[in-house]
Novice: 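Take a look at this one; I'll ask things after.
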Amino acid sequence: MVLSLSLAHSLTLSRAESVELSLRLKFETCQQKEEVSFESSDPKFSIGPDGSLYAEQDVTNLTEPIQFMVTARDSMGKYIWETTVKLALAGHPPPPPTHTRSSSNGLRRQKRDWVIPPINVPENSRGPFPQVLVRIQSDQDKEIEIRYSITGAGADQPPNDIYIIDPVTGKMSVTKPLDREERASYHLRAHAVDINGNQMEPPIDLYIYVIDMNDNRPEFKNQVYNGSVAEVSKPGTSVMQVTAFDADDSTTANGLVHYRILSQTPHIPIPNMFTINGATGEISTIASGIDREKVSQYAIIVQATDMEGSLNFGLSNTATALISITDINDNPPDVILFCGFTFRDKDQPHTPNWNAVYRITGGDQMGHFAIRTDEITNDGRVVVVKPIDYERNNAFTLMVVVSNQAHLASGIPSSPSSSAAVAITVLDINEAPVFPSNPKIIRFEEGVPADTTLATFAALDPDRFIQQTIRYSKLTDPANWLKINRTNGRITTTAVLDRESPYMKKNVYEATFLAVDNGSPPATGTGTLQIYLIDVNDNVPVLVPQEALVCERSRHGYPVNITASDLDSEPNAGPYVFELPSYPSSARRNWTISRLNGNYAQLKLRIPYLEAGMYRVPILVSDSGNPPLSNTSVLKVKVCPCDENGDCTVIGAVTVAGLGTGAIITILICIIILLSMVLFFVVWVKRREKERQTKPLLIDPEDDVRDNILKYDEEGGGEEDQDYDLSQLQQPESLDHIMSKPAGVRRVDERPVILESQYPVRPTVPHPGDIGEFIIDGLRAADNDPTAPPYDSLLVFDYEGSGSTAGSVSSLGSSSSGEQDYDYLNDWGPRFKKLADLYGGGGED
């Protein structure tokens, strides 16, 4: 097939928008009737079906010749031809040749530049090689012997020696087939020199473009793609995307990839459950009815074809897309069934000729079973690898084929494999009840009263062949709002449903329930109920903040920004309305509120000056509910004197607290007195401790009976002194002879051996008193005296006179008859412990 171009050396364009040019392209082929389509690389020009060239745009602004590529294709797309067209605008002839003075020959003609159109070479050419591409010739080769050469990548640079040139004739050739995927174009430079190496022509640029051929199949990024889609998905749900790349030119049909689905396995419920976008490769559902209990995984064979998907001319490749169907219900197997196969082979054991390969070829479309081979015995075991549902299939018949790892030698009149049928019976077990809608979502307005029926949350028993009873119970109920009927699953409220409860999460309250059948053993299913509570306006807004600080003069300081908080949500919350009530009248007389936006307002003084102090300003806040709710909140405003910066002064802060100068001074004096008392008490305690350390006890504390037994002087002479006058124990009427003694001395017949303590003086009573009270008072005075003498010194209680008119009471003795009970001494406390031990324990002695 020869391409001929009827094109004059000088072709001009007329100044028109769309005109036919004096150019026609013609092909001479073996098939004269074959249709050829033309395409121009320049959008300014188009080519008609007959090969006529047209100008599609204004060409009046062309000042230089224009050059573009013309491509021709046959109707089948099998052959492609290309040529270059160079055009010049009419009325712009090429400039006349100029002359320059030569040092040797005087004037000579200026040589025109070399013009070599781009060279297009198809890839994967079969040769023969070297194959001539173009001839380069200088107009001086008739006068001077010229030598031609080429430089650049592909000639003298890597990759070297792809292009060569005859140095004498200037014919440039390609030496081997080209691959556009390795390199799409080459840029060379041609040189013309004389035999002495002098440059005779300026270097010319050679552009070689490798024409793409459809020689690459689309290649998938992965051979196996994994995706997933939830069951009961709607048609049009996107599942996954597969991608294939074609190394051919993506701007031509050779690199345009189209996708299609070849097959789907299994064909349940219909053979066409999925579709694919031919341009992007996105796989999506096209039909409803996806059910994991029937099909847990689909295997889809996807084909990618170039040439825009043409099956006649395009190249194809395939990949597998595995689509898993996800399900929230989990039914793991409880029983694994084993069945053994024994394979006998006379070949040498433990070699590829002896090793058995087991395959399940039929009866297991869902892939429930697999065969494991024992490497030692060569036996096979059928095991369950996927859960089996008795209600769907209670028996299987598997076709098992056994062969060797190595292929059977040729010429052996035997089958390369053997087969067997295996019958498997499925045993039924009790399965847990299943809630059809899990989670089940219901919607109610908040404030639903108690004993309101919300919904019936019933479960289904997968064991269809067994009549069982389902009982319901509550598993989790954080707020204890619900109860469920044990027999029918009806759920009712036990309390008012409050959307503002802390147990709500994003307006949803969640509780879980159990469904238990009466199988053996019982099986339990769990269901989740989600209650979406719609907000109603049942909470009043609350003013924020509760306290504020304002300067007493309105020109100082800043206003108070106030807002509100509402437990309700939009539209039952903001925007808020802030108002001052009409009562008390001082609120509107002293203060004013201005609105900032829907949620904020400003409180400031209406009058120029307000006396410092604490003010309680009532503010009425209303929300935007229907109907709106209002609340009067009291804002505690501290009005105080402020400095120039609007900050409250220290004196002002004290004044606001309600304390005057005198009160502050009084508080300070009280604090000083209190600190002084504490300091005095600490000094006294330290001194007391020091005195105790300098005067240790003379006897063991266990033997201290000072506070238990007190000895007094004997004042009687015998047991006959039964009757005595207690008045004699009282101080005598006349004590003049002892009043001259120092204070604290009461006995004149016996003097203490230590310094006398300052005991309190008992007043003289005119009448006899109780001797018991007298002794107790003396004992209390001794116990409370910080300057009491040591334990073994004489304790002086009171003076009883120099003599006694009564007889001696020394004859009073204790009775040993045992009639006296001294157990009451144990009730007198630790001070009488010794005495209780002496008399109370007489029975043990």
Side-chain angles (χ1 to χ4, degrees), residues 446-447 498-502 504-507 533-660 664:
E446 69 170 324
D498 186 8
R499 191 195 67 87
E500 289 74 33
S501 171
M504 300 291 297
K505 296 180 180 179
K506 297 182 179 179
N507 299 337
L533 294 182
I534 303 173
D535 184 38
V536 297
N537 193 19
D538 57 347
N539 291 277
V540 297
V542 179
L543 185 68
V544 177
Q546 299 294 328
E547 296 181 356
L549 191 66
V550 176
C551 295
E552 63 182 1
R553 299 187 182 276
S554 59
R555 68 174 181 271
H556 292 157
Y558 305 95
V560 179
N561 292 332
I562 59 176
T563 184
S565 64
D566 197 326
L567 295 178
D568 295 323
S569 61
E570 300 295 341
N572 296 323
Y576 303 102
V577 177
F578 301 90
E579 298 177 309
L580 290 172
S582 57
Y583 180 83
S585 60
S586 59
R588 293 188 176 183
R589 183 176 64 252
N590 298 336
W591 307 92
T592 181
I593 292 179
S594 59
R595 182 185 179 92
L596 294 179
N597 53 39
N599 295 326
Y600 288 88
Q602 281 188 343
L603 176 69
K604 55 185 177 181
L605 286 174
R606 179 187 293 274
I607 58 179
Y609 173 79
L610 182 64
E611 184 180 357
M614 178 68 72
Y615 294 85
R616 298 171 62 86
V617 181
I619 298 177
L620 180 64
V621 186
S622 302
D623 58 21
S624 298
N626 187 17
L629 296 181
S630 301
N631 178 35
T632 300
S633 301
V634 176
L635 178 63
K636 297 180 180 179
V637 182
K638 298 179 181 178
V639 180
C640 63
C642 297
D643 54 17
E644 297 179 354
N645 298 325
D647 298 327
C648 186
T649 61
V650 177
I651 298 177
V654 174
T655 305
V656 171
L659 298 179
I664 296 175

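Computed from heavy atoms alone, side chains included, the values below leave out hydrogens, waters and symmetry copies.
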Novice: Kindly give the heavy-atom pair with the smallest separation between A601 and F578, and that separation in Å.
Specialist: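 Shortest heavy-atom contact: CB-CD1, 3.6 Å.
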Novice: Side chain of T592, backbone of K604: donor and acceptor closer than 3.5 Å?
Specialist: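 Pair absent, no side-chain N/O of T592 close to backbone of K604.
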Novice: N561 vs T563, test: side-chain hydrogen bond (donor to acceptor under 3.5 Å, both in side chains). Steps then yes/no.
Specialist: CA-CA 7 Å; N561 292 332; T563 184; over 6 Å; no
Novice: C642 and C551: sulfurs closer than 2.5 Å?
Specialist: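 Yes - the two cysteines, C642 and C551, have SG atoms within less than 2.5 Å of each other.
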Novice: Are any non-hydrogen side-chain atoms of V542 and V621 less than 4.5 angstrom apart?
Specialist: no
Novice: Check V560 against A548 and note the closest heavy-atom contact, atom names and distance.
Specialist: CG1-CB, 3.5 Å
Novice: Going from CZ on R595 to CD on E579, what distance comes out if it is rounded to the nearest 0.5 angstrom?
Specialist: 10.5 Å
Novice: Output the distance between atom CG (L580) and atom CZ (R606), rounded to the nearest 0.5 Å.
Specialist: 8.0 Å
Novice: Would you check if D538 and E500 make a side-chain contact, meaning some heavy-atom pair closer than 4.5 Å?
Specialist: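 In contact.
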Novice: How far apart are the closest heavy atoms of V634 and R616, and which atoms are they?
Specialist: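 That would be CG1-CB, 3.5 Å.
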Novice: When rounded to the nearest 0.5 angstrom, what is the spacing between OH in Y615 and CG in L635?
Specialist: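 Separation between the atoms: 14.0 Å.
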Novice: Please lay out, stage by stage, how C640 and L549 fare under the test side-chain contact (heavy atoms from CB on, under 4.5 Å).
Specialist: CA-CA 8 Å; C640 63; L549 191 66; 3.9 Å; yes
Novice: Just wondering, do L533 and M504 contact through their side chains at under 4.5 Å, heavy atoms?
Specialist: yes
Novice: Kindly indicate, with the supporting measurements, whether the criterion side-chain hydrogen bond (donor to acceptor under 3.5 Å, both in side chains) is fulfilled by N537 and D623.
Specialist: CA-CA 9 Å; N537 193 19; D623 58 21; 3.3 Å; yes
Novice: Can you tell me how far apart CG (N631) and CG (L620) are? Round to the nearest 0.5 Å.
Specialist: 8.0 Å
Novice: Looking only at non-hydrogen atoms, find the nearest pair between P581 and R588 and report the distance.
Specialist: O-NE, 3.4 Å
Novice: As an exercise, state the distance from OH of Y576 to OG of S630, rounded to the nearest 0.5 Å.
Specialist: 12.5 Å
Novice: Taking atom CD of E611 as the centre, does the number of heavy atoms from other residues, nucleotides or ligands within less than 6.0 Å exceed 12?
Specialist: no
Novice: With rounding to the nearest 0.5 Å, note down the distance linking OG in S501 to CG in L567.
Specialist: 11.5 Å
Novice: Taking all atoms of both residues into account, what is the closest heavy-atom pair of G625 and N572, and its distance?
Specialist: CA-OD1, 3.7 Å
Novice: Should I562 and I619 be marked as a side-chain contact (heavy atoms from CB on, under 4.5 Å) after you check the CA-CA gap, both sets of side-chain angles, and the distance that decides it?
Specialist: CA-CA 10 Å; I562 59 176; I619 298 177; 4.0 Å; yes
Novice: Please walk me through it: do R499 and N507 pass side-chain contact (heavy atoms from CB on, under 4.5 Å)?
Specialist: CA-CA 6 Å; R499 191 195 67 87; N507 299 337; 2.8 Å; yes
Novice: Between G574 and S624, what is the shortest heavy-atom contact and its length?
Specialist: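 That closest heavy-atom pairing would be C-OG, 3.5 Å.
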Novice: Let me see the working for L603 and V637 under side-chain contact (heavy atoms from CB on, under 4.5 Å), right down to the final yes or no.
Specialist: CA-CA 10 Å; L603 176 69; V637 182; 4.2 Å; yes
Novice: Under a 3.5 Å distance rule, please check whether D568 uses its side chain to pair with a backbone N or O of N539 as donor and acceptor.
Specialist: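 Yes; judged by distance alone, with no hydrogens or angles, the pair exists.
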Novice: Within the 4.5 Å heavy-atom criterion, are P618 and P584 side-chain neighbours or not?
Specialist: yes
